[in-house]
Amino acid sequence: MAVPMVGRAPALEELRGALDIVRAENRPVTAVLTGAAGTGKSALVGALLQAAGSTTVLSGAARVHSPAPYDWLAAVLAKSDADIPDVPEGALSWLKQDPDVPRERYTPDALLRIAVTTVRALIGTSPAVLVVEDLHALDPASLNLVAELAATDLPALLLVTSQLPEEAVSPQLTARTLARLTGRPGAVRRHLSGLAQAEVGELLRHAYGVEAVTVEITSAVWRRTEGNPYLITELIARLSPAGLRELAAPQTDDLTAREREVLGCIAEGMSNKQIARALEISVRTVTVHVSNLLRKTGAASRTEAALWALERNVRARATS
């Protein structure tokens with residue numbers, strides 16, 4: 001069953017308005033969506049692109065494991081077979097991250113200019129949408145390119161999603177880039193937080209029916225997911241109506257106090273290194289605790305363990 005987009009209608013309407021301006025006036029508009037993981041940034045982007053019709057869309061993001069120079073543009077070029085005559089072949093190969101290209105051939109400033117020229121050639125003169133997913137995970141070269149694109153006269157909606165700078169690969173540069181983007185004239189800025197309790201109830205009633213969802217159940221789901229849309233949809237996919245009822249009842253488990261702390265950190269999306277810093281223990285000790293709690297909870301992955309924790313309201317220890 002498809003889960004409706006709840007609590008995001010005003011943000012989607014504002015994005016559609018920005019796209020309408022680009023189409024009608026053939027001028028650039030910047031839009032920035034920030035929020036924690038799972039708050040619906042990508043869902044909003046997807047909903048907007050459904051309304052984009054035949055508008056040209058260039059979309060890219062950072063590599064999964066480790067960022068590399070011009071990751072965003074490399075991802076865009078990987079999806080395109082367009083001819084770009086104004087860009088030297090060697091430079092284009094570098095921007096595509098071809099492994100055999102000599103990297104000392106172009107200065108950083110020259111590559112930035114060439115990258116902007118490449119995007120301009122891909123767009124042409126018609127309105128377009130440039131989607132930059134997960135700005136916080138991008139490399140410095142990509143951050144500079146995104147900021148530079150926002151300052152051009154390209155007839156495009158530059159749509160950027162990001163977590164907050166403190167979660168970024170390059171926190172200070174990400175903060176400066178977000179400031180430059182949101183400081184553009186007419187820029188759209190939306191920060192997505194968790195859903196309100198009433199909105200959580202709307203999602204649950206859509207999935208389970210009106211009679212199955214009580215105030216107590218809604219409150220329990222809201223508390224244990226903090227209104228995070230992704231976590232709510234995962235719980236809906238996982239829980240039967242009977243499981244939903246059990247969610248509102250107190251539950252116990254056989255985890256040790258430390259294992260519960262580690263599990264709470266996992267539920268908050270922390271890596272092993274982050275957990276080690278938060279709990280002031282070694283990464284190796286965290287690894288042992290993760291192995292034990294996966295076995296005790298019967299979870300096959302960290303994601304399943306996080307959902308298990310959310311179902312039982314297991315939280316990380318408060319830190320100062």
Side-chain angles (χ1 to χ4, degrees), residues 35-43 61-68 71 133-139 161-171 174 192-195 200 220-240 243-244 246-320:
T39 49
K41 301 183 294 296
S42 294
R63 294 192 301 182
V64 174
H65 298 296
S66 60
D71 264 347
E133 291 265 22
D134 294 335
L135 182 85
H136 62 279
L138 284 174
D139 59 281
T161 73
S162 180
Q163 294 184 32
L164 294 178
E166 51 265 32
E167 304 296 331
V169 173
S170 305
T174 299
L192 305 182
S193 55
L195 299 178
V200 172
V221 172
W222 179 67
R223 289 195 312 270
R224 296 175 192 188
T225 64
E226 297 183 344
N228 185 290
Y230 173 77
L231 295 176
I232 294 168
T233 56
E234 288 295 305
L235 286 177
I236 289 173
R238 181 183 175 97
L239 291 180
S240 65
L244 187 69
E246 292 177 3
L247 202 62
Q251 298 187 39
T252 60
D253 54 74
D254 61 350
L255 298 179
T256 65
R258 181 63 85 185
E259 287 167 352
R260 289 177 63 84
E261 289 179 338
V262 172
L263 182 56
C265 291
I266 290 175
E268 292 183 6
M270 295 186 190
S271 66
N272 282 5
K273 287 184 178 180
Q274 291 171 322
I275 295 172
R277 287 196 297 269
L279 301 182
E280 300 180 343
I281 57 179
S282 70
V283 175
R284 184 171 182 178
T285 300
V286 173
T287 302
V288 173
H289 286 314
V290 170
S291 177
N292 288 340
L293 67 87
L294 287 177
R295 174 177 53 81
K296 291 182 179 181
T297 61
S301 66
R302 294 172 74 96
T303 299
E304 286 191 12
L307 290 172
W308 191 95
L310 289 168
E311 292 168 11
R312 292 156 177 80
N313 202 22
V314 178
R315 296 179 179 273
R317 181 183 67 184
T319 56
S320 57

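These numbers come from a predicted model, not from an experiment.
- In this structure, Ala309 and Ala267 approach most closely via the heavy-atom pair CB-CB, 3.9 Å.
- In terms of modelled atom types and a separation under 3.5 Å, the side chain of Thr233 and the main chain of Pro229 share a donor-acceptor contact.
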- Message: Determine whether Val262 and Val290 satisfy the following criterion, side-chain contact (heavy atoms from CB on, under 4.5 Å), listing intermediate values before the conclusion.
- Response: CA-CA 7 Å; Val262 172; Val290 170; 3.9 Å; yes
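- A donor-acceptor pair under 3.5 Å is formed between the side chain of His136 and the backbone N or O of Gln163.
- For Asp134 (side chain) and Ala137 (main-chain N/O), no donor-acceptor pair under 3.5 Å exists by modelled atom type.
- With 3.5 Å as the limit, one finds no donor-acceptor pair spanning the side chains of Asn292 and Arg258.
- Here the CD-CG distance, from Glu268 to Leu310, works out to 9.5 Å after rounding to the nearest 0.5 Å.
- Taking all atoms of both residues into account, the shortest heavy-atom contact from Glu259 to Leu293 is O-CD2, 3.8 Å.
- In Glu234, the CD atom is crowded: over 12 heavy atoms of neighbouring residues, nucleotides or ligands sit closer than 6.0 Å.
- Minimum interatomic distance between Ser42 and Glu133 (heavy atoms only, all atoms of both residues): OG-OE1, 3.2 Å.
- Rounding to the nearest 0.5 Å places OG1 of Thr256 at 6.0 Å from NE2 of His289.
- Heavy atoms only, all atoms of each residue included: Leu263 and Leu255 are closest at CD2-CD1, 3.5 Å.
- Here the closest heavy-atom approach between residue Ile275 and residue Met270 is recorded as CG1-CB, 3.7 Å.
- Nearest heavy-atom pair across Ser162 and Leu135 is CB-CB, 3.7 Å.
- Taken to the nearest 0.5 Å, the CG atom of Leu294 stands 7.5 Å off from the OG atom of Ser301.
- Between the CG atom of Leu138 and the OG1 atom of Thr174 there is a distance of 8.0 Å, given to the nearest 0.5 Å.
- With rounding to the nearest 0.5 angstrom, the CH2 atom of Trp222 is 13.5 Å from the CG atom of Asn228.
- Put simply, the side chain of Lys41 never gets that close to the backbone of Leu192: no donor and acceptor are under 3.5 Å apart.
- The CD atom of Glu226 sits 9.0 Å away from the CG atom of Leu231 when rounded to the nearest 0.5 Å.
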